[in-house]
Amino acid sequence: MSDHEQQQPAPSRGKVLEALTRAERKVFTRPAPKSAKAQVKFLLTRAKGSTKALAERLGVSRRTVERYRAGKLTTPQKRLQAALVEETESEWQPQVRAQAREQASTSGGMMVHVVAYFGFTASGSSDDGRERHVTTAISPTYAAQILDLQERGATEEELHPIVAEAIAESYFTDRGTRCQGLVADFTHVQSIEFEFSRS
């Protein structure tokens, strides 16, 4: 087995973290590099030319990185291809991503589209928990908290309560004008998408 075939499995993230990552990538103003050679060259510039650092990051040998940079290897296996795409897009256009995050945190907020099971507790009566399709705008305050948690490496379980609170505040309690004391929790997330507002 060659060294470019000996790779660790890619770590999986939860649906909320994936949705936040996809939202950031939707604001790119130029497409990220697509070929393995272009991706490796780009990532090497970000790693200050260190093939060792990039090899460790991708879970391959230095020689494999050098072969892709030289164009001797062109078609990576699925795990390496996924790692190249993930690493390239995570480093691509950091200023554009930072501007979108800043705008969401200070003035624009974010839109969220979610299909999940919502359960409630309230001082009074409320609907029983059930699966709901919700599309709502999250306030900049909650957007800032969610993005800050993501930036600090929060887990999916740590993000769920704040996302549920943000959805409850904007959708179920209409920013505090109804259903005082309602607390929502969501589980069994079928799908979730975030959108940064466009300036």
Side-chain angles (χ1 to χ4, degrees), residues 9-29 31-32 78-79 82-83 85-90 92-94 96-199:
S12 65
R13 292 187 292 197
K15 291 182 179 179
V16 173
L17 288 167
E18 286 291 335
L20 288 167
T21 300
R22 283 191 306 272
E24 282 187 342
R25 292 174 182 173
K26 287 179 187 174
V27 301
F28 289 163
T29 58
K78 288 181 184 178
R79 208 246 14 116
V85 169
E86 175 64 27
E87 293 297 325
T88 300
E89 290 185 353
S90 72
W92 191 247
Q93 293 192 324
V96 172
R97 284 197 322 271
Q99 288 171 348
R101 293 171 70 90
E102 178 67 23
Q103 182 180 359
S105 299
T106 57
S107 61
M110 293 189 300
M111 287 295 293
V112 63
H113 314 280
V114 64
V115 178
Y117 181 88
F118 283 88
F120 304 95
T121 56
S123 56
S125 64
S126 176
D127 289 340
D128 290 336
R130 65 176 188 255
E131 183 176 284
R132 295 176 186 255
H133 298 250
V134 174
T135 299
T136 189
I138 294 177
S139 70
T141 303
Y142 280 109
Q145 291 176 25
I146 292 166
L147 294 171
D148 182 55
L149 282 171
Q150 178 201 24
E151 188 75 26
R152 289 189 287 141
T155 64
E156 187 80 1
E157 293 74 28
E158 293 168 331
L159 281 167
H160 270 226
I162 192 68
V163 172
E165 189 178 318
I167 293 169
E169 188 258 352
S170 68
Y171 184 80
F172 295 109
T173 66
D174 197 17
R175 310 235 189 270
T177 61
R178 59 187 170 95
C179 303
Q180 297 296 324
L182 178 77
V183 177
D185 184 29
F186 77 118
T187 58
H188 308 302
V189 178
Q190 300 285 324
S191 66
I192 185 166
E193 291 296 326
F194 291 97
E195 286 180 33
F196 289 100
S197 61
R198 302 281 180 174
S199 53

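Since the structure is predicted, the reported quantities are computational estimates derived from the model, not experimental observations.
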Set of residues satisfying side chain to side chain contact (heavy atoms under 4.5 Å, CB included) with respect to A19, sequence neighbours excluded: R22, I192, F194

query: Among all residues two or more places apart in sequence or in another chain, which pass the salt bridge (charged side-chain N to carboxylate O under 4.0 Å, His left out) test with R97?
result: E24

statement: Between the CD atom in Q145 and the CD atom in E165, the distance rounded to the nearest 0.5 Å is 6.5 Å

message: So I146 and Q150, do their side chains get closer than 4.5 Å, heavy atoms only?
response: no

Gap separating the CD atom of E86 from the OG1 atom of T21, nearest 0.5 angstrom: 6.5 Å

field: Closest non-hydrogen atom pair, A104 against M110
entry: CB-CG, 3.9 Å

- line: Residue set satisfying salt bridge (charged side-chain N to carboxylate O under 4.0 Å, His left out) with E157, at least two apart, ordered chain then number -> none

task: Any ring-ring contact (aromatic ring centres under 6.0 Å, His included) involving residues 135-164? Give me the pairs, sequence neighbours left out, ordered by first then second residue.
output: H160-F186

message: What's the separation between atom CE in M111 and atom OG in S170, rounded to the nearest 0.5 Å?
response: 8.5 Å

task: Could I get the full list of salt bridge (charged side-chain N to carboxylate O under 4.0 Å, His left out) partners for E87, not counting sequence neighbours?
output: R57

message: Between E193 and K26 (salt bridge meaning N to carboxylate O under 4.0 Å), is one present in this structure?
response: yes

task: Please report the shortest heavy-atom distance between V189 and A116, naming the atom on each side.
output: CA-CB, 3.8 Å

Side chain to side chain contact (heavy atoms under 4.5 Å, CB included) partners of Q190, counting only residues at least two apart: V115, E131

- request: Could you pull out the closest heavy-atom pair between E156 and L17, with the gap in Å?
  value: OE1-N, 3.2 Å

Over all atoms of both residues, closest heavy-atom pair of I167 and V134: CG2-CG1, 4.0 Å

query: Looking at side-chain heavy atoms only, is the closest gap between S90 and R25 below 4.5 Å?
result: yes

query: Out of V16, L159, V163, T155, which residue meets the side-chain contact (heavy atoms from CB on, under 4.5 Å) rule with L149?
result: L159

Minimum heavy-atom distance between W92 and F28, given as atom pair plus value: O-CE2, 3.4 Å

- request: List the atom of G109, the atom of A143, and the distance in Å for their closest heavy-atom pair.
  value: CA-CB, 4.1 Å

- prompt: Is there a donor-acceptor contact under 3.5 Å from the side chain of E89 to the main chain of A32?
  reply: no

- prompt: Do L147 and F196 have side-chain heavy atoms sitting under 4.5 Å apart?
  reply: yes

